[in-house]
Amino acid sequence: MVVTRFAPSPTGYLHIGGLRTALYSYLWAKKNSGKFLFRIEDTDLARNSKEAVDAIIEAFKWVGLAHEGEVVYQSERFDLYKSYVQKLLDAGKAYKCYMSKEELDALREEQSARKERPHYDGRYRDFTGTPPVGVEPVIRIKAPTSGVISFVDGVKGEICFNATDILDDFIIARSDGTPTYNFVVVIDDALMGVNEVIRGDDHVSNTPKQIILYEAFGFKIPKFYHVPMILNPQGKKLSKRDGAVDVMEYKREGYLPEALLNFLIRLGWSHGDQEIFSFEQMQALFDPSHINKSASAYNQEKLVWLNTHYIKQASYERLIEELRFFDVDISLHVKKELLIDALRDRAKTLVEFANLIQQILEAPTCYDEKAVEKFLTADGLGVLEDYLVVLKGEKSLLLASEFETFTKAFLEERGLKLKDLAQAIRIAMVGSSVSPSIFDVLEIIGYEDVVKRIETLILFQRSSGES
RNA sequence: GACCCCAUCGUCUAGUGGUUAGGACACCGCCCUCUCAAGGCGGGAACGGGGGUUCAAGUCCCCCUGGGGUCGCCA
């Protein structure tokens, strides 16, 4: 059975890069009817926070990724780790090192000055003397000093390292007794049964370290998939400056989670020419062997396009529900469905959608000057006034089609075209020269308010004309 | 600096020795049209460079160049 996991360290919000590897892990487990586990890597007491944990879990909930079983917190497993550290110590595969941080820093500096790779020199590896007083030791693993460490990466293929090039006796437990990342990852993945690890590219150089730990314990080495980073549009590392990197920021900006997921799955992975993937299709089609080897640049336009796609597809109920988050509640509006249909093709995000709705539902409080200048000329205003007079005798107008028939008849009698009147009506309805089809807008607003809004505009024009 | 990884349109990518190098986003043009969108149709746009291997190379090999990652008592 395929067992994957997502193991963030709670130092902040959930990053979209993290979401992508989580998605891949989730999908690969689902595709294989396996398990997707969730673990919080909070061994660094100083840098994690409960808020960060909550934020990450909230983001997971928003996008709909569900993990199997309880969340595992590493901070609650220190005793377990200690016993495994002890095993290594007992087996002579790890040892205590009494070198101070200052000494270490000095050593590293020397090495870099000599243009060498900074690394621990193993001075306590075979130490048998009396330890210096007042120094709490760290525990270091006895790493191989020769040979080749290689593994077959599921996305990159075979990766080889010379032990001498990369390894030193790295620390597995700090002087305060707490275990370090590379150690706990191996213990937990092994104990939790994780056998397929999908994670960021930045971990390839940790992999050989972890492999020697797997071997030291005799654990089965999992299959690794290292997925390339997401770069910014300039091809550099993606950062806050490049737009949203916090997953929840996408919610606040009005993106649908399925759009974000679709965007992310397709960024660095492909299934032929297919662009649109429902959540079900993702689970059926995802295969890590099609993950691209090279890093990909974040491209907001594609996300926006996907978002518009999913807004067009969404059910009325769904949209009404989502819109509530942006303080627009149209659940009780009689024309809610027409309202949605009139606007869904025009909104790139739910934020825009909410604004467009408000623009129609609330009578304009001001009028776009340029639009007024261009369309409410003496002639234009005259036609509108004329229209209002006739409209007042048509109290039964209800549907868009009825408004249309009425309006077209009105225009035909006067030898006018729709374009001679449409913009004036639009300004009266929404205050600007941009809106959905005016007949839909008229139906949504309703006869009484339509009359009111035209009256208001005419009044406004007359009074400003006088002054 | 050492080690590792990567390299097709501006961007996301298809491509596994023989293709007019395909699709999508973005862009441009046309159509539709009451505005703005949406939609339809069409267009420009790529194999980083140099050597090999081969009848044949975007595809395989080498070098160069360029980009990225890692070198913590962080994860």
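These numbers come from the heavy atoms of this one structure, side chains and all, not from hydrogens, waters or symmetry mates. A note on names: the letters A, B, ... follow the listed sequences, proteins ahead of strands, and every chain is numbered from 1.
Judged by distance alone with a 3.5 Å cut-off, no donor-acceptor contact links the side chain of A:D42 to the base of B:A75. Residue-to-nucleotide contacts include a donor-acceptor pair under 3.5 Å from the side chain of A:R346 to the base of B:C36. For B:C36, its base never sits under 3.5 Å from the side chain of A:S435 at any donor and acceptor pair.
Using a 4.0 Å heavy-atom distance criterion, A:K236 is classed as a sugar-phosphate-only contact. Using a 4.0 Å heavy-atom distance criterion, A:M429 is classed as making no nucleic acid contact. Nucleic acid contact for A:I438: base, since at least one base atom lies under 4.0 Å from a heavy atom of the residue. Within 4.0 Å (heavy atoms only), A:T43 reaches sugar-phosphate atoms of the nucleic acid but no base atom. At the heavy-atom level, A:F263 lies nowhere under 4.0 Å from the strands shown. When heavy atoms are screened at a 4.0 angstrom cut-off, A:P8 is found touching no nucleic acid atom at all. A:G200 comes within 4.0 angstrom of no nucleic acid atom, judged by non-hydrogen atoms across all strands.
B:G58 and B:U16 are spaced 11 Å apart, taking the C1' atom of each and rounding to whole Å. When the C1' atom is used for both B:G44 and B:C28, the distance is 8 Å, rounded to whole Å. Going from the C1' atom of B:A26 to that of B:U35 covers 24 Å, rounded to whole Å. Between B:U54 and B:A2, the distance separating the two C1' atoms is 37 Å to the nearest Å. B:G48 and B:G66 are spaced 16 Å apart, taking the P atom of each and rounding to whole Å. Comparing B:A7 with B:C12, their C1' atoms sit 15 Å apart, to the nearest whole Å. Of the C1' atoms belonging to B:G23 and B:A46, the separation is 14 Å, rounded to the nearest Å. Going from the P atom of B:A14 to that of B:G22 covers 15 Å, rounded to whole Å.
Ring pair A:Y84/A:F219 is tilted by interplanar angle, where 30° to 60° counts as tilted. The aromatic rings of A:F286 and A:Y24 lie parallel to each other, with less than 30° between the two planes, well short of the 60° mark.
Paired with A:D169 under the rule salt bridge (charged side-chain N to carboxylate O under 4.0 Å, His left out), one option of A:R125, A:K93, A:R140 passes, and it is A:R125. Each of A:K293, A:K237, A:K156 was checked for a salt bridge (charged side-chain N to carboxylate O under 4.0 Å, His left out) with A:D201, and the lone residue meeting it is A:K156.
Between B:C5, B:G72, B:G67, one nucleotide has an atom nearer to the side chain of A:I159 than all others, and that is B:C5. When each of B:G72, B:G67, B:A75 is scored by its nearest atom to the side-chain atoms of A:S9, the top-ranked nucleotide is B:A75. Relative to the side chain of A:H203, the nucleotides B:U35, B:A75, B:C5 differ in distance, and B:A75 lies closest. Comparing B:U70, B:A14, B:C5 by their closest approach to the side chain of A:D202 singles out B:U70. Closest to the side chain of A:T180, from the set B:G1, B:C6, B:A75, is B:A75. The side chain of A:K101 has B:C73 as its nearest neighbour among B:C4, B:C73, B:G39. You'll find that the side chain of A:V138 is closest to B:C73, out of B:U13, B:C73, B:G72. When distances are taken from the side chain of A:R117 to each of B:G1, B:A38, B:A75, the shortest belongs to B:G1. Comparing B:A37, B:C12, B:C73 against the side chain of A:D345 picks out B:A37 as the nearest. Taking only side-chain atoms of A:R108, from C-beta outward, the nucleotide of B:C34, B:A75, B:G72 with the closest atom is B:G72.
Using Watson-Crick or G-U wobble geometry with both donor-acceptor distances under 3.5 Å, B:A2 finds its partner in B:U70. Using the Watson-Crick or G-U wobble rule with both distances under 3.5 Å, B:G42 pairs with B:C28. Taking a pair to require two hydrogen-bonding distances under 3.5 Å in either a Watson-Crick or a G-U wobble arrangement, B:A56 remains unpaired. Partner assigned to B:U20 is none, using Watson-Crick or G-U wobble distances below 3.5 angstrom.
Separating the OH atom in A:Y310 from the CG atom in A:L260 is a distance of 11.5 Å, to the nearest 0.5 Å. The NZ atom of A:K336 lies 12.0 Å from the CD1 atom of A:I357; values are rounded to the nearest 0.5 Å. Separating the OG1 atom in A:T21 from the NE2 atom in A:H226 is a distance of 11.0 Å, to the nearest 0.5 Å.
A sub-4.0 Å separation between OP1 or OP2 of B:A7 and a side-chain N or O of A:K293 is absent. Distances shown here put a side-chain N or O of A:S296 below 4.0 Å from the OP1 or OP2 atom of B:U13. Side-chain nitrogen and oxygen atoms of A:K209 include none within less than 4.0 Å of the OP1 or OP2 phosphate oxygen of B:C71. Residue A:N292 places at least one side-chain N or O closer than 4.0 Å to OP1 or OP2 of B:A14. Under 4.0 angstrom from either OP1 or OP2 of B:A14 there lies at least one side-chain N or O belonging to A:S270. For B:C5, neither phosphate oxygen OP1 nor OP2 lies less than 4.0 angstrom from any side-chain nitrogen or oxygen of A:S294.
Annotation: of the two residues near RNA chain B, A:L267 and A:S437, the 5′-most nearest-nucleotide partner is A:L267. Taking for each of A:P436 and A:G268 the nucleotide of RNA chain B with the nearest heavy atom, the 5'-most of the two is the partner of A:G268.
Salt-bridge formation is detected for the pair A:D54/A:K50: a Lys NZ or Arg NE/NH1/NH2 atom is positioned less than 4.0 Å from an Asp or Glu carboxylate oxygen.
As rounded to whole Å, 11 Å separates atom C1' of B:C36 from atom CZ of A:F375.
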Inset, instruction - Would you give a per-nucleotide map of nucleotides 20-26 of chain B, 5' to 3', where B means the base has a protein non-hydrogen atom under 4.0 Å away, S means only the sugar-phosphate does, and - means neither? - result: --BBBSS
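Other residues, nucleotides and ligands contribute over 12 non-hydrogen atoms within 6.0 Å of the NZ atom of A:K223.
Checked against the 6.0 Å centroid criterion, the rings of A:F439 and A:F403 do not qualify as a close aromatic pair.
Using a 4.5 Å cut-off on side-chain heavy atoms (C-beta onward), A:L213 and A:I141 make contact.
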